[in-house]
Amino acid sequence: GYMWILLGMLLCSLTFAATATEDESKPAELEANMIDYDAHAHLGLYEGLVHFIQGSRHLDADVVKTQFDEKNQLIYALATSNTNIPVHFWGKTDQDKPEVHAYAKKIEYFPEKHLLILKDDAIVIQGDNKIEAPIIEYNILTHHVLTQAIDGKRTKLIIHSDSKII
């Protein structure tokens, strides 16, 4: 019902390739203390204050690892935190909606499966709406959201009725 539609809309922008937006056509910029890209193995390793920008979308992490196929299409990305500061993704889903902010110690992205997984103290915030869970899995294509309780930590969902999400 209403909660799942709202939750799906809240999470729909948590990816580097969610939907066709102006951000898709913007150049991607990545900064890090160390960049190691092996074109032959199709692997990328970016370490130390990694900051990714594409249009309104941003990602801050300690380490980002990427894997590409033979056509240089992304097949896997992993952003992790080695400190108490979590990985932080943020961006606009729509000009009329507040930015989405996502935090976790680990964020995995599987483009071929349209799957985004936030692990270890995952939090997603848009405006006053918020979801917290140990793990948040989100299928970008089907808008299916799955959260998991771990060691007694359960999912917490806060949705305000005057939300700008709908």
Side-chain angles (χ1 to χ4, degrees), residues 7-95 97-127 129-141 143 145-148 150 153:
L7 184 57
M9 292 177 80
L10 178 67
L11 294 175
C12 74
S13 69
L14 296 180
T15 179
F16 304 114
T19 58
T21 66
E22 288 184 17
D23 288 342
E24 301 294 324
S25 62
K26 304 279 179 161
E29 179 181 323
L30 186 133
E31 293 181 9
N33 291 342
M34 189 278 298
I35 296 175
D36 180 3
Y37 180 72
D38 184 335
H40 182 70
H42 306 288
L43 298 173
L45 175 63
Y46 319 91
E47 292 183 339
L49 303 172
V50 179
H51 185 67
F52 171 85
I53 303 171
Q54 186 176 25
S56 71
R57 292 183 280 189
H58 300 256
L59 175 75
D60 284 338
D62 290 328
V63 178
V64 175
K65 296 178 182 179
T66 57
Q67 183 177 0
F68 299 86
D69 65 14
E70 306 78 38
K71 296 179 183 177
N72 280 327
Q73 297 297 309
L74 182 67
I75 57 175
Y76 176 73
L78 170 65
T80 59
S81 169
N82 293 331
T83 65
N84 290 332
I85 300 170
V87 175
H88 181 198
F89 170 86
W90 70 100
K92 294 283 282 182
T93 59
D94 187 303
Q95 292 301 328
K97 297 176 187 171
E99 280 187 331
V100 171
H101 290 263
Y103 303 88
K105 292 181 182 161
K106 181 186 295 184
I107 298 178
E108 291 181 284
Y109 178 47
F110 301 87
E112 293 174 340
K113 295 178 182 179
H114 309 284
L115 183 62
L116 186 73
I117 302 173
L118 288 78
K119 293 183 178 179
D120 298 327
D121 302 323
I123 301 171
V124 178
I125 302 167
Q126 186 175 33
N129 300 315
K130 180 177 183 178
I131 183 170
E132 296 180 52
I135 297 176
I136 300 173
E137 295 185 20
Y138 179 64
N139 185 298
I140 299 153
L141 189 63
H143 303 288
V145 176
L146 175 65
T147 66
Q148 298 177 27
I150 296 176
K153 293 182 182 178

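Count residues from 1 along the sequence. All heavy atoms count here, side chains included; hydrogens, waters and symmetry mates do not. Being a predicted model, the structure only gives us computed values, none of them experimental.
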Going by the angle between their ring planes, with limits at 30° and 60°, are Trp90 and His51 parallel, tilted or perpendicular? tilted

Nearest 0.5 angstrom please: Lys105 NZ to Thr80 OG1, how far? 12.0 Å

Considering all heavy atoms of both residues, which atom of Ala122 and which atom of Ala104 are nearest to each other, and what is their separation? CA-CB, 4.1 Å

Over 12 non-hydrogen atoms of neighbours within 6.0 angstrom of CD1 in Ile75: yes

Please name the pair of heavy atoms, one in Lys153 and one in Pro134, separated by the smallest distance, quoted to 0.1 Å. O-CG, 3.4 Å

Answer yes or no: are there more than 12 heavy-atom neighbours, outside Leu49 itself, under 6.0 Å from its atom CG? no

I need the Ile131 CD1 to Ile125 CD1 distance, nearest 0.5 Å. 11.5 Å

Closest heavy-atom pair and its distance - Pro111, Leu74: CG-O, 3.3 Å

Rounded to the nearest 0.5 Å, what separates atom CD1 in Ile85 from atom CG in Asp60? 9.5 Å

So, Lys130 and Glu132, do they make that salt bridge, N to O below 4.0 Å? yes

Between NZ on residue Lys119 and CD1 on residue Ile150, distance to nearest 0.5 Å: 8.5 Å

Nearest-0.5 Å distance, NE2 of residue His42 to CD of residue Glu70: 5.5 Å

Does any non-hydrogen side-chain atom of Leu78 lie less than 4.5 Å from one of Lys106? yes

Keeping Glu137 on the side-chain end and Ile117 on the backbone end, is there a donor-acceptor pair under 3.5 Å? no

Quick one: are Glu112 and Gln73 in side-chain contact, heavy atoms under 4.5 Å? no

When you compare the side chain of Asp36 with that of Glu47, does any pair of heavy atoms fall below 4.5 Å? no

Any Leu118 side-chain heavy atom under 4.5 Å of Phe89 side chain: no

So, applying side-chain hydrogen bond (donor to acceptor under 3.5 Å, both in side chains) with Thr66, which one of Tyr37, Tyr76, Tyr46 is it? Tyr46

Taking Asn82's backbone N and O only, do any of them form a donor-acceptor pair with Asp62's side chain (distance below 3.5 Å, no angle check)? yes

Less than 4.5 Å apart, side chain to side chain, heavy atoms only: is that true for Leu45 and Val63? yes

Measure the CG-CD1 distance between Leu59 and Ile53 for me, rounded to the nearest 0.5 Å. 10.5 Å

